[in-house]
Amino acid sequence: MRDSFRALRFRRLIRNVYNKRFLKYGCQPHGVFWSDSGRQKSRFKIIKNQITALMPSGIVKIADIGCGYGSLADYMLKTPNCSRFIYTGYDINPTLIAACQEYSYLPSKSFAIGDCPMELVDFSVMSGTYNMAVTKDLMHWERYMFRCLAKCWDQSRIGMIFNVLVADKSHISEGMLYHCEVNKLRRRCVKQFGTTRIIRERSLPRDATLVVTR
Ligand SMILES: C[S@@+](CC[C@H](N)C(=O)[O-])C[C@H]1O[C@@H](n2cnc3c(N)ncnc32)[C@H](O)[C@@H]1O
């Protein structure tokens with residue numbers, strides 16, 4: 001199967017999985033497969049701190065790719081020093097984008113259906129976006145993920161910041177969660193995109209955040 005057809009198939013499957021979940025739990029971390037709000041926010045904090053370190057002042061344009069029900073937008077509205085962030089959220093799931101447009105404090109034009117920024121931004125950020133695999137084939141999943149990352153990279157002036165679940169050896173778990181050998185992923189990011197750093201935090205032992213810059 002050609003990569004483009006496979007990508008379409010994966011997107012349809014991803015939409016279905018998240019639709020079912022969101023229908024059951026609604027606008028809360030469980031509704032997008034996070035276990036709790038504390039860890040969801042810890043991931044946002046790491047992303048925010050990395051952006052702040054790279055751009056300590058001035059306006060910052062951010063695209064939140066895989067924005068779910070809009071929790072990062074909400075976090076940024078409530079967090080000091082985030083008023084200089086110009087936020088747009090994208091998700092491949094129309095149900096989730098509709099929820100953002102209905103419940104967020106931001107205007108509805110701040111959210112759109114898509115898998116990459118529609119215009120040039122400073123940073124593309126993705127929290128948990130590629131965690132839920134819809135295939136057991138690791139090679140196909142990683143190829144799909146890099147295809148998505150490349151589209152975001154093209155529209156990111158300074159870089160991309162995204163998190164993944166880590167393991168000693170890359171695999172897709174019984175629960176269909178993608179885990180990766182993070183140094184291998186870093187090497188691939190360096191080869192395909194640019195300088196890549198790995199951020200690890202004690203409070204999130206199974207997570208790594210990759211910061212890819214030009
Ligand atoms: C685990 S949820 C995280 C949602 C949000 N980032 C958060 O932390 O609350 C992953 C989200 O990414 C979306 N998604 C998955 N693959 C995507 C892709 N390639 N492009 C854009 N959104 C995607 C899903 O529809 C889902 O809303």
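In each ligand, atom 1 is the first atom listed, and ligand 1 is the first ligand listed. Note that the structure is a prediction, hence the values are computed from the model and not measured.
- Residue-level proximity to ligand 1 for F162 is absent, since no heavy atom of it falls below 4.0 angstrom.
- An N or O contact shorter than 3.5 Å links S71 to ligand 1 by distance.
- Below 4.0 Å from some heavy atom of G68 lie the following atoms of ligand 1, by number and element: 4 (C), 27 (O).
- If you check which protein heavy atom lies closest to atom 20 (N) of ligand 1, you get D115 CB, 3.3 Å.
- Within the structure, the ring pair (Phe, Tyr, Trp, His ring centres under 6.0 Å) test picks out no pair touching residues 118-138 (sequence neighbours left out).
- Under the 4.0 angstrom criterion for non-hydrogen atoms, Y18 is in contact with ligand 1.
- Counting only non-hydrogen atoms, the option in S127, G128, C116 that gets closest to atom 3 (C) of ligand 1 is S127.
- For I14, every heavy-atom contact with ligand 1 shorter than 4.0 Å involves the side chain, none the backbone.
- Residue contact check: G114 has heavy atoms under 4.0 Å from atoms 21 (C) of ligand 1.
- Residue contact check: Y130 has heavy atoms under 4.0 Å from atoms 19 (N) of ligand 1.
- A side-chain donor from one of Y87 and D64 sits under 3.5 Å from a side-chain acceptor of the other.
- Geometrically, ligand 1 and D91 share a nitrogen or oxygen pair separated by less than 3.5 Å.
- No cation-pi contact links R6 to Y144, judged by a cut-off of 6.0 Å to the six-membered ring centre and 45° from its axis.
- When all heavy atoms of V211 and I199 are compared, the pair lying nearest together is CG2-CG1, 3.8 Å.
- Looking from atom 17 (C) of ligand 1 to the surrounding protein, the closest heavy atom is T129 CG2, 3.5 Å.
- Ring orientation note: the planes of Y18 and F33 are nearly perpendicular, at an angle over 60° on the 30°/60° scale.
- Ionic pairing of R157 and D122 is present here: one or more N-O contacts between side-chain nitrogen and carboxylate oxygen are shorter than 4.0 angstrom.
- Residue L96 approaches ligand 1 through these ligand atoms, each under 4.0 Å from one of its heavy atoms: 25 (O), 27 (O).
- Checked for salt-bridge contact, K61 and E119 meet the test: a charged N lies under 4.0 Å from a carboxylate O.
- Note: F193 and W153 have tilted aromatic rings, judged against thresholds of 30 and 60 degrees for the angle between ring planes.
- Between Q40 and ligand 1, at least one pair of N/O atoms sits closer than 3.5 Å.
- Under the 4.0 angstrom criterion for non-hydrogen atoms, Y69 is not in contact with ligand 1.
- Considering only heavy atoms from C-beta on, D115 comes within 4.5 Å of K151 through its side chain.
- K41 contributes atom NZ, which lies 8.5 Å from atom OG of S71 (distance to the nearest 0.5 angstrom).
- Protein heavy atom nearest atom 22 (N) of ligand 1, with residue, atom name and distance: G66 CA, 3.3 Å.
- Side-chain N/O atoms of T209 and N163 include no donor and acceptor closer than 3.5 Å.
- Of the protein's non-hydrogen atoms, the one nearest atom 1 (C) of ligand 1 is V32 O, 3.1 Å.
- Atom CZ of R200 sits in a crowded spot, with more than 12 heavy atoms from other residues, nucleotides or ligands closer than 6.0 Å.
- Every atom of ligand 1 is numbered from 1 in the order shown, and the set under 4.0 Å from a heavy atom of C67 is 5 (C).
- Within the 4.0 Å heavy-atom criterion, neither part of M126 lies near ligand 1.
- Distance alone, capped at 3.5 Å, places no donor-acceptor pair between the T52 side chain and the P56 backbone.
- In summary, the atoms of ligand 1 found under 4.0 Å from a heavy atom of C148, numbered by their order in the structure, are 19 (N).
- Among protein heavy atoms, the minimum distance from atom 19 (N) of ligand 1 is reached at Y144 OH, 3.4 Å.
- Ligand 1 has I65 within reach: a non-hydrogen atom of the residue lies less than 4.0 Å from it.
- For the residue pair S124/S156, the side-chain donor-acceptor check at 3.5 Å is satisfied.
- When heavy-atom distances to ligand 1 are checked against a 4.0 Å cut-off, P29 has no atom that comes that close, whether in backbone or side chain.
- Ranking protein heavy atoms by distance to atom 7 (C) of ligand 1, first place goes to W34 NE1, 3.3 Å.
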